[in-house]
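The block underneath contains the structure these notes are about, expressed in structure tokens.
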Number of protein chains: 2
Amino acid sequence: MARASIHNRQDSLERALHLFWQKGFHATSLKDLEKALDMRPGSIYATFGSKDGLFQEALERYARLGLAELDRTFQAYESPLAGLAAYLRALGGICDKELPSRACMLVKSLLELGERESIARDKAEALLAGMEARFVDRFAEAKKVGELDSRLDPVLLGRRLQAEIMGLRAFAQRDVDSAAVHALAEDMAQSLEALRADEVAEIV
Amino acid sequence: MARASIHNRQDSLERALHLFWQKGFHATSLKDLEKALDMRPGSIYATFGSKDGLFQEALERYARLGLAELDRTFQAYESPLAGLAAYLRALGGICDKELPSRACMLVKSLLELGERESIARDKAEALLAGMEARFVDRFAEAKKVGELDSRLDPVLLGRRLQAEIMGLRAFAQRDVDSAAVHALAEDMAQSLEALRADEVAEIV
DNA sequence: TATAAAATTGAGTAATCATTCAAGTTGTCA
DNA sequence: TGACAACTTGAATGATTACTCAATTTTATA
């Protein structure tokens, strides 16, 4: 005995995510959202509570999809190091895809949000920490299976990889050739592969 | 036969830069600027034309100061590679300084600004291209003096370094220990130093 | 088919936004 | 000292902001 919703929550969230990722939190107005979601203010507020709340849900969706893609890449490679390198190489093709932005939405949010949006900023921080943890885990796994020299620190390597990815994607946000980004990612991937235990043995 | 200005243009610009760097373009309101510059709207507009114009001047000042610091570091080291490594290590201490933001203002702007602020965004892009050019120059110099293996590409290395710095500073924007950022910068500096011709010879 | 509950609407709110400009202030030089 | 020019002021502008809520529409069930 109730009216059914004409909007799919996930679909609305996906549209909002697209807009927020492209324009950022501040530059995305409720007018923009109304148009993109084809919803009137009342419906948006009834569904998501506030612009801030909608943004936070969009952030979570972004991170969830990103982590899923990461895991998909990892699962395709038995070797942890190979999986990490493949993920980097895939990022090299970021300019070829049609995305709202080449930069990571978590990083965009981290850099844009201030005290007034501290909850969303903290959420972005937590999600970035989660990504870092996955990288660290993968490096730890590589160490366990003997791919990685025992003297190397998975935590440092994980952080380093996250910083490289942040940098790669920020760089890709510049008006640069797709080829330059591919070359950059390839270079990073090779640096990562050079960590293989047998190769490290030669230079340490 | 004219009234002298009570405001120092450079000083006003410095205050505006502080605010824009900290909060970003959109989150910085004219009210904020009025308070920080101790100027009324009329004076601000008479001096800088518009919020956008003021932001652009702040961007240029930021880049000018940044380039000056870069050159100062380079001049302190005869070896190009050592200068680049020293610059990275200095960035490792970014969390210890009292700055408006740990992230690069050019990157923040690149990620935040959209079509509506295209002039400022293009300016940020151009300034980043200028930074990249300095890195490339320095790597080319390293190659010329034989510090760098002749098979390595200064353009790729320059871009890679810029991406690493972008990443390092974005990472430092997270709520992380100063020690972690120091370790990250040290790791990056060592990777850079590992490019020295004599060391490369062993692994290629 | 009548009822009740949920979903949607969109005009309206108060606050804030960047910007303007006429009026007032101040210092310099004739 | 008088007059001019530059600088500063701050109230007012209209646009836009996020958000609210009473009224309306819709639909499943009794």
Side-chain angles (χ1 to χ4, degrees), chain A residues 1-13 15-59 109 112-121 123, chain B residues 1-13 15-59 109 112-121 123:
Chain A
M1 48 181 167
R3 180 180 174 184
S5 175
I6 58 173
H7 298 109
N8 178 296
R9 199 178 204 280
Q10 288 285 83
D11 180 63
S12 299
L13 207 47
R15 292 166 192 267
L17 165 57
H18 190 282
L19 215 51
F20 278 133
W21 186 6
Q22 176 181 95
K23 309 181 66 169
F25 178 78
H26 289 114
T28 301
S29 72
L30 230 85
K31 270 260 160 63
D32 294 331
L33 290 165
E34 288 171 40
K35 198 190 290 181
L37 308 196
D38 191 28
M39 287 168 85
R40 261 35 65 195
S43 286
I44 296 179
Y45 279 83
T47 311
F48 299 104
S50 65
K51 182 190 172 186
D52 219 272
L54 176 52
F55 182 80
Q56 286 164 44
E57 286 200 47
L59 258 190
S109 303
E112 181 192 357
L113 302 181
E115 278 311 314
R116 278 166 44 173
E117 307 89 19
S118 60
I119 300 177
R121 196 198 49 200
K123 182 150 277 168
Chain B
M1 47 179 163
R3 181 179 174 186
S5 175
I6 58 174
H7 298 108
N8 179 298
R9 199 177 204 281
Q10 288 286 83
D11 180 63
S12 299
L13 208 47
R15 291 165 192 267
L17 166 57
H18 190 282
L19 215 51
F20 278 132
W21 185 7
Q22 176 180 92
K23 309 182 63 170
F25 178 78
H26 289 114
T28 301
S29 72
L30 230 81
K31 270 259 160 64
D32 295 329
L33 290 165
E34 288 171 40
K35 197 190 291 182
L37 308 194
D38 191 27
M39 288 168 85
R40 262 34 68 195
S43 286
I44 297 178
Y45 278 82
T47 310
F48 299 105
S50 66
K51 183 190 172 186
D52 219 273
L54 176 53
F55 182 79
Q56 286 165 44
E57 286 201 47
L59 258 191
S109 303
E112 182 191 357
L113 302 181
E115 278 309 315
R116 275 165 45 174
E117 307 88 18
S118 60
I119 299 177
R121 196 197 50 201
K123 181 150 278 171

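Here is how names work: the chains are called A, B, and so on, in the same order as the sequence lines, proteins then strands, and each is numbered from 1.
Atoms CD1 (A/I44) and C1' (D/dA18) sit 11 Å apart, rounded to a whole Å. With rounding to whole Å, A/R9 atom CZ is found 12 Å from C/dT8 atom P. Between the P atom of D/dT8 and the CZ atom of B/F48 lies a distance of 11 Å, rounded to the nearest Å. D/dT8 atom P lies 16 Å from atom CG of B/L33, rounded to whole Å. Whole-Å rounding puts the A/M39 CE to D/dA18 P distance at 16 Å. For A/R40 and C/dA6, the CZ to C1' distance is 18 Å, given to the nearest whole Å. Rounded to whole angstrom, the span from the CG atom of A/L37 across to the C1' atom of D/dC19 amounts to 15 Å.
Comparing A/A4 and B/D38, the nucleotide of DNA chain D nearest to each residue sits closer to the 5' end for B/D38.
Ring geometry, A/F55 versus A/F20: the interplanar angle exceeds 60°, so the pair is classed perpendicular (tilted spans 30 to 60°).
For B/H7, no side-chain nitrogen or oxygen approaches OP1 or OP2 of D/dC7 to under 4.0 Å. Taking 4.0 angstrom as the limit, B/S43 places none of its side-chain polar atoms (N or O) nearer than this to OP1 or OP2 of D/dC7.
Checking side-chain atoms of A/E112 against main-chain N and O of A/S109 turns up no donor-acceptor pair under 3.5 Å.
The two residues B/A120 and B/L113 make their nearest non-hydrogen contact at CB-CD1, 3.7 Å. In terms of heavy atoms, B/K51 sits closest to B/H26 at NZ-O, 4.0 Å. Of all heavy-atom pairs spanning A/A36 and A/R15, the tightest one is O-CD, 3.2 Å. Minimum heavy-atom separation, A/L17 to A/A58: CD1-O, 3.7 Å.
The overall bend of the helix from C/dT19-D/dA12 to C/dA30-D/dT1, read as the angle between its terminal helix axes built from five base pairs each, is 0° when rounded to 10 degrees.
The distance from atom NE2 of B/H7 to atom CE of B/M39, rounded to the nearest 0.5 Å, is 5.0 Å.
Counting non-hydrogen atoms under 4.0 angstrom, B/S5 reaches the backbone sugars and phosphates but no base. The residue A/I6 sits close only to the backbone: its heavy atoms come under 4.0 Å of sugar-phosphate atoms, none of a base.
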Return a single string for nucleotides 13-19 of chain C, one symbol per nucleotide in 5' to 3' order, where B is base contact, S is sugar-phosphate-only contact and - is none, cutoff 4.0 angstrom on heavy atoms. ----SSB
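Enclosure of atom CZ in B/R116 is not indicated, since only 12 or fewer non-hydrogen atoms of other residues, nucleotides or ligands lie within 6.0 angstrom.
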Verdict with reasoning, A/N8 to A/L13, per side chain to side chain contact (heavy atoms under 4.5 Å, CB included): CA-CA 9 Å; A/N8 178 296; A/L13 207 47; over 6 Å; no
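In this model, a side-chain donor or acceptor of A/R3 finds a partner on the base of C/dA7 within 3.5 Å.
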